[in-house]
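For reference, the structure discussed in these notes is given below.
Below, chains carry the letters A, B, ... as their sequence lines are ordered, and counting in each starts from 1. We use all heavy atoms of the structure for the numbers below, so side chains are in, but hydrogens, waters and symmetry mates are not.
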Amino acid sequence: MNTYVPSTAAEQQEMLRSLGAESIEDLLQSVPKHLRLNRALNLPPGASEVELRRALGKMAAKNANLDEHLCFLGAGVYEHYIPAVVPHLVKRSEFYTAYTPYQPEMSQGMLQAIYEFQTLMCQLTGLDIANASLYDGSTAVAEAALLAVGPTNGRGTIVTTRAMDPQYRQVLHTYAHARGFDVQEAALDVRTGTTDLESLNSLMDDDTAAVIIQQPNFFGALEDVHTIEKIVHREDALYVVAISEPFSLGVLEPPGAYGADLAVGEGMALGNPVSYGGPGVGFFAAKKDYIRRMPGRLAGKTVDNRGQTGYVLTLQTREQHIRRERATSNICTNQALVALAATVYLASVGKEGFRDASAQSLQKAHYAQQHISRIPGFHTAFSGHFFNEFAITCPMPIYDLNLWLAEHGFIGGYDLARSYPELENTVLFCVTETRSKDEIDAFVSALADISQTVGAHS
Amino acid sequence: MNTYVPSTAAEQQEMLRSLGAESIEDLLQSVPKHLRLNRALNLPPGASEVELRRALGKMAAKNANLDEHLCFLGAGVYEHYIPAVVPHLVKRSEFYTAYTPYQPEMSQGMLQAIYEFQTLMCQLTGLDIANASLYDGSTAVAEAALLAVGPTNGRGTIVTTRAMDPQYRQVLHTYAHARGFDVQEAALDVRTGTTDLESLNSLMDDDTAAVIIQQPNFFGALEDVHTIEKIVHREDALYVVAISEPFSLGVLEPPGAYGADLAVGEGMALGNPVSYGGPGVGFFAAKKDYIRRMPGRLAGKTVDNRGQTGYVLTLQTREQHIRRERATSNICTNQALVALAATVYLASVGKEGFRDASAQSLQKAHYAQQHISRIPGFHTAFSGHFFNEFAITCPMPIYDLNLWLAEHGFIGGYDLARSYPELENTVLFCVTETRSKDEIDAFVSALADISQTVGAHS
Amino acid sequence: MSTESLIFEKGAPGRRGATLPALDVPEQALDALIPAALQRKTPASLPEVSEIELVRHYTHLSQRNFSVDTGFYPLGSCTMKYNPKINEEIQALPGFARIHPLQEESTAQGAIQMLYELEQYLCEIAGMQRFTLQPAAGAHGEITGLMVIKAYHESRGEGYRNVIIIPDNAHGTNPASATLADYQIEQVRSDARGNMDVEALKAVLNDHVAGIMMTNPNTLGVFDENIETIARLVHEAGGQLYYDGANANAILGITRPGDMGFDVVHLNLHKTCSVPHGGGGPGAGPIGVKEHLVPFLPGPLPAKNENGYFWEDVGEQSIGRVRANYGNFLALVRAYTYIRFHGPDGMRHISDSAILNANYIMHALKDAYELPYDRTCMHESVFSANWQKEHGIHATDVAKRLIDFNIHPPTIYFPLIVPEALMIEPTETETKETLDNFIAVMHQIAEEAKTNPNVLLEAPHFTPVGRLDQALAARKPDLCWVGA
Amino acid sequence: MSTESLIFEKGAPGRRGATLPALDVPEQALDALIPAALQRKTPASLPEVSEIELVRHYTHLSQRNFSVDTGFYPLGSCTMKYNPKINEEIQALPGFARIHPLQEESTAQGAIQMLYELEQYLCEIAGMQRFTLQPAAGAHGEITGLMVIKAYHESRGEGYRNVIIIPDNAHGTNPASATLADYQIEQVRSDARGNMDVEALKAVLNDHVAGIMMTNPNTLGVFDENIETIARLVHEAGGQLYYDGANANAILGITRPGDMGFDVVHLNLHKTCSVPHGGGGPGAGPIGVKEHLVPFLPGPLPAKNENGYFWEDVGEQSIGRVRANYGNFLALVRAYTYIRFHGPDGMRHISDSAILNANYIMHALKDAYELPYDRTCMHESVFSANWQKEHGIHATDVAKRLIDFNIHPPTIYFPLIVPEALMIEPTETETKETLDNFIAVMHQIAEEAKTNPNVLLEAPHFTPVGRLDQALAARKPDLCWVGA
Ligand SMILES: Cc1ncc(COP(=O)(O)O)c(C=O)c1O
Ligand SMILES: Cc1ncc(COP(=O)(O)O)c(C=O)c1O
């Protein structure tokens, strides 16, 4: 039997004897017999490490991974360069085998790292305060909505936009239905790939608790965040900016600078592998007015009984374990280790390096977009400015395109028709700083090849 | 410029100023100008991590690795199962970024681990003492010879055997020539694949400082260590047993039990990857009489000024930094981290697990040998007992066989003709506990296929 | 080692760690790509440190953090078991860590297969029909489960059901989740044996009840012997039963929530299935449901047909997604590896051993600490520091003193119904020596409480910082470094 | 945390960590496979511990070990620079870590290519014709180099040359290696500037001289300004010049041993090229030679032709192998990665910065400690604790006190010609703040030596163990645990 139980059968017998029991069965008296399983679980037989490596190695090998395939897919999950030092530090088991730092004296390491993460999120977003993490970008959006419709407010509608990540919107709707608030979506301007501001304007009224937009939006396009700010605040609504690509903050104005009240989003791309979409890390930053309405853990600086600086989890009266049904959120376990990776990542590349990665993503995406849009049959779908993602209409269904690309060593783009039926044969490509010019050129010429094939057939 | 130098140009200027210097050049006055390079080194331009991963990833991919190829090759370097916990612990950077533990108070971790390694080597070999490590198995053999011909003795000949690893013998000859002692090799009994004992006997005389045999020998075959013991000690020579496959010690009698004075060898297979043959770890165990003639570092237990147990490097008067030209060896840097991996490995599998791994290697090698020798054209080359390696004569040159096997996903065996011209078309296969029955069966049927092809052609 | 400055206080202008290759495409003017009004004016004031500074900083922080790998962590309700290193190795394979959630299904067959099989295993373990793997943690599972229950009632025209019943020993996430799903809470007291008081339950059952949330074993560490009655009563009242699986480490292969009568269950894979807690996360809190609730699960769900594995959309009745993509995938890989490692016998042995270890400790400490519910426990036991109070000692002081012995304190002040609670969960992965040492230390502390209470009140003594001023932290919140 | 028992003292009979799958081939009786006389009678009494015990044990041991990643390590002559993590990542690739040295060359093209290129880089750096990568460390390089020199003389009928000249400041491995190669040693003194005394050298030069072993910069940290004269004199006497590359971190891109006149050179890649020291090893000590010595190198050497890379056998004159296979391959992968990372400018910047840091410290400590050779230093400087002696303080006391400040002491009592030596090598990878802190601490210690010598004599104060009884360890050697 494979087990991590150290005690041997003999030791367990000895322990049982000390309890006056003969067998484990004696300890299970309070579990009614007929509720017992009374058979072995129907699971595959145990497998040793050697067997697991074989079996799971094979399973892993069935997936096309980004070491062996060049990725041009983003759509909410972004491949960026991870310095070797990041996993080295994050894998220190004092971090990953610890619980939430409930006993601060023996958990200063994690507490300080959380405080650093909070600070970094403030620096990136230009806001005053940030929490220790939420589950992911989509639930961070939902938590922002919950804050907005919370008790102090009385307003019951959240306005968002079709230009926001479809998955984020789905989650928002799920939470809205349960909590009992309304969500309305502004239309998409299919010319620019940005939110139709007239539509947005028309949805605003005195029940609008918050407006949630995404910058860059799902199409990679840049919203007119200044005009939107005016629209939102004119109605005294909360201005919430969602960010799924944190690298955009290297070159784009931070939400705090253009009047956002909350900035929430997904920080996975900072030092974490794409890992089939999880674990990521939701971040939640706000103006300091919202400090007592924040969801999730907050690490704060304080002093100890010897006058030394130290860190603790603070403002816990917001939280479920103290406030219970009146808590600001139900979150308990969060995504601390992913936040730690983001912290180490940002400290590793630093001020210059982060800006550089951001600028290189921008440049390379534009280089790729310009070359792809010159291929016969491939056209830029939207006229708006963009960061590192762009939509292209193609001469064929995207599913077919992607399968062909996969055979040639590429992970293609996101098929926009999956979420926007009106955008047929339109693909969303992403190019980050990880792609070299040679790789982009190879991708462009692969697309050119397929363009010829399709041309020949039609 | 890529660099791990933290100081910026501005900081370096400031430091120079504090020295009254204007540039680094001012600090280089004692290096004669015409001895200067006065040009940039002719090396490839610097490459960032991203580029290194790309370039070195490609280089690594050109090698057929043992994740993707099933290995049936040993011949001194053995693939064994490495529990995940071993690299996890050995990669803790407090271990690998430390120097030799010169300051024991701040290096108790490594010192204790060395003491544990020494103990484990004693337990495996059945001898009294062991050192902290030597470079590899071959140099451990050379050091054993150096001990034997050392000043206290006056004898000047080492007798070994053609059945010992050819590379070990080459190294022994190299050292022997430099130090000025003689090496003689007993003949091989080509029937059994073991040392010809008559030949060995005939080489013994009162100049014989030591006899060095290998168990199992290079062919995987088992020497008659008891008879050899009598031959050696009858002449008052040192009985040295070399071991390149430490897993043999799980089922084979330990050298200490059959009268060996020294047991030396290669411990790489314990918890370390095959890694193109290095780094390995030489081990050196001895009867306690030889304690002051041991080469290399020794960790010893002692007490501190508070009465607590602690560990130090001891008996340093044997060593080069104290005894200089009269040291027992010139070794300074050794293979500490590899020894640590061996320590963690042995502690991980433990008493039962090590015996199990050893026994499974034995069983699987015999299963493979029995099936391979039934294939038409394939014959067992030697009649001797063996541990987990065996020689097979094949119906074709081994080079061709191996290339064919490589194309079919196997790393074939060692071409014995490379070292023993008389053993044409003879291959040395190795099977360890890492090979499953299915894998062995697949290998056997691949050999059967080739046997048919060759049969068809001939 | 007693202070470590912030990463922001280290380094110097212009220093940096990792760098990128130079831009290799023709550079275009920033203004040509992004309107000036949308550009960042000044770079974020991120740290400027070299790699060696970075490494020393976070290595030092790690050394200032207690963890399972450095010592005993009997934190009740948290199941701080050993986190196997093979799980870490497997989840790091490029075929798992380096795949994109939106790449075509045909290029992710191994991933979908794994999740498909994991779902089956969890169904078998919990006695449920189907699971969604989306929830990122227990609390996330709770809100998801409550949404499912709500959708179910609505589908039957019973959307008016607006009450969730919660025992008085429930974890804080239970009521918080109920609020999130817009439910009112009815609290039901426990009886003297630590079971739910069935009469009290009856008193709150009516047709406004949407359901009940329970753990079993409950947070007192005991198995609720009335569970069948409770299930019958709640079902008769038209309610659904939600199982908070935080304590599932006690029941593997012994009994199943489904067989007890629960309709929805979440499992904290970061507890039961050894996913490392990560200093606070990520975890995984998948929820399983009985057949009648399957239509309401969030989608997509992993499925299989003759062409292979694929993501199947769920129907109209689904509550919708509760997060982007498929869950905390790498956490799920670890859980899958863990279950495959153990197999049926190994899984059962986990719970048997966890129960044995908990009872061993409980039995040995009874004479030194008050045990409010004195019955055989399951995987944890709840003591009280009540007896110590007369010496001016509280649960927190016992906790802080344990730190001096390199032992993480038990969970304290929870469950709320036990004053001065000390909730001790040793888990199955601890040795008898470790348990014996803990018992000895706890006895010593009980003794010290009488003879030398100051040594408790001043504890911990050997940590880099002493007791911290929580009040100050809350009164003048400093959550973000703004410069020296 | 003050004691950690041995792994042998942990666990219990029957416990175990990692296990294998059950044997899947038909089991045969042991006696049928191995004669009874050759069988092991009782299993080796290896530890019996569970995985959690194992992990805690070695994690605790790691916490009891100072390292570059945890603090400043100015250990002279050891070049304790930062060990980049990318090197660790690259060497762990299965294409490097999981390849067999004896697999056919066509299946190891990447490995041979890398070693081929690394050899070229090292030749360029050292100004040599060819390198062998076999030696596992510096001392291994030394004996290999001396064998090459010996074979060279023998090839010219000058096998009678039996003397190796060694400066009085040489590292212990130099004379020890010379003995191993059956040479006699002639020691030559240093002059007042720390250079080799040329007159003294002349006095020992004759036709029995096989060669001379030198470091340059030497172990006093200064560049020997007479090197050209020395090279000329030794060559005129028919001797060969061996360069001990332990100090090569001072010369990268500045000057080359080959250009100084050396015939053989070893490089300690674990010093100069950031291969981690591993708590004592493994390192890599490849040696390079000038053209006339190439025929004597051990083989095989990496080579390239139209079919790709291959291992080329060397000729009859070769000294033969000095180890099995091709060297400490994974250490070589790290060194290769390191050189590729830096490129020409980066390599030069290493030495410039190492020299600057060393001089910065030297300059700042001159007033507090005696500096026997007061000249601009290269990458390290050698002080003496002579001034402290009048207070009863020795170099060792200064060293032990540094430990209290989480700083690894300098190398002490070496080189032998400096009494109470303190040999300080900061390396290029330390920040100015770290150097300034070290300087401040060293000043404080110099002050304490006068005012409060006991605090030095009793140091270290905060380590898990205090000063250890070396004499006892040597008098009653306990090298192996034999049971409780
Ligand atoms: C009984 C109980 N329920 C629910 C939870 C919440 O689980 P999570 O932290 O995974 O959100 C916990 C966590 O401690 C718990 O102990
Ligand atoms: C000057 C000098 N020479 C030689 C050596 C020996 O090198 P290694 O330890 O690599 O054998 C050293 C090591 O400290 C040294 O400092």
Self-check item: Note, B:Asn63 side chain near D:Phe96 side chain (heavy atom, < 4.5 Å)
Solution: yes
Self-check item: Presence of salt bridge, D:Arg98 and B:Glu79, under 4.0 angstrom
Solution: yes
Exercise. Could you please spell out the steps behind the side chain to side chain contact (heavy atoms under 4.5 Å, CB included) verdict for D:Glu88 and B:Lys91?
Key: CA-CA 9 Å; D:Glu88 301 306 308; B:Lys91 282 179 186 166; over 6 Å; no
Quiz prompt | Whether D:Phe341 and B:Tyr4 hold their rings parallel, tilted or perpendicular, with breakpoints at 30° and 60° | solution = parallel
Quiz item: Any chance the side chains of B:Glu116 and D:His57 put a donor and an acceptor closer than 3.5 Å?
Solution: yes
Quiz item: If you draw a 6.0 Å radius around NZ in B:Lys62, do more than 12 non-hydrogen atoms from other residues or ligands fall strictly inside?
Solution: yes
Quiz item: Are B:Phe95 and D:Tyr58 an aromatic pair by the rule of ring centers under 6.0 Å?
Solution: no
Exercise. Examine the side chains of D:Ser353 and B:Gln12 and answer whether a donor and an acceptor come within less than 3.5 Å of each other.
Key: yes
Practice problem: Could you tell me whether B:Glu105 and D:Arg467 have a side-chain N and a carboxylate O separated by less than 4.0 Å? | Solution: no
Quiz prompt | Heavy-atom side-chain contact between D:Thr255 and B:Leu28 under 4.5 Å | solution = no
Practice problem: Let me know if B:Ser30 has heavy atoms under 4.5 Å from chain D in its side chain, its backbone, both or neither. | Solution: both
Quiz item: Are B:Gln335 and D:Asn328 close enough that a side-chain donor and a side-chain acceptor fall under 3.5 Å?
Solution: yes
Quiz item: Hey, what do you get for CD1 (D:Ile185) to CD (B:Glu325), rounding to the nearest 0.5 Å?
Solution: 5.0 Å
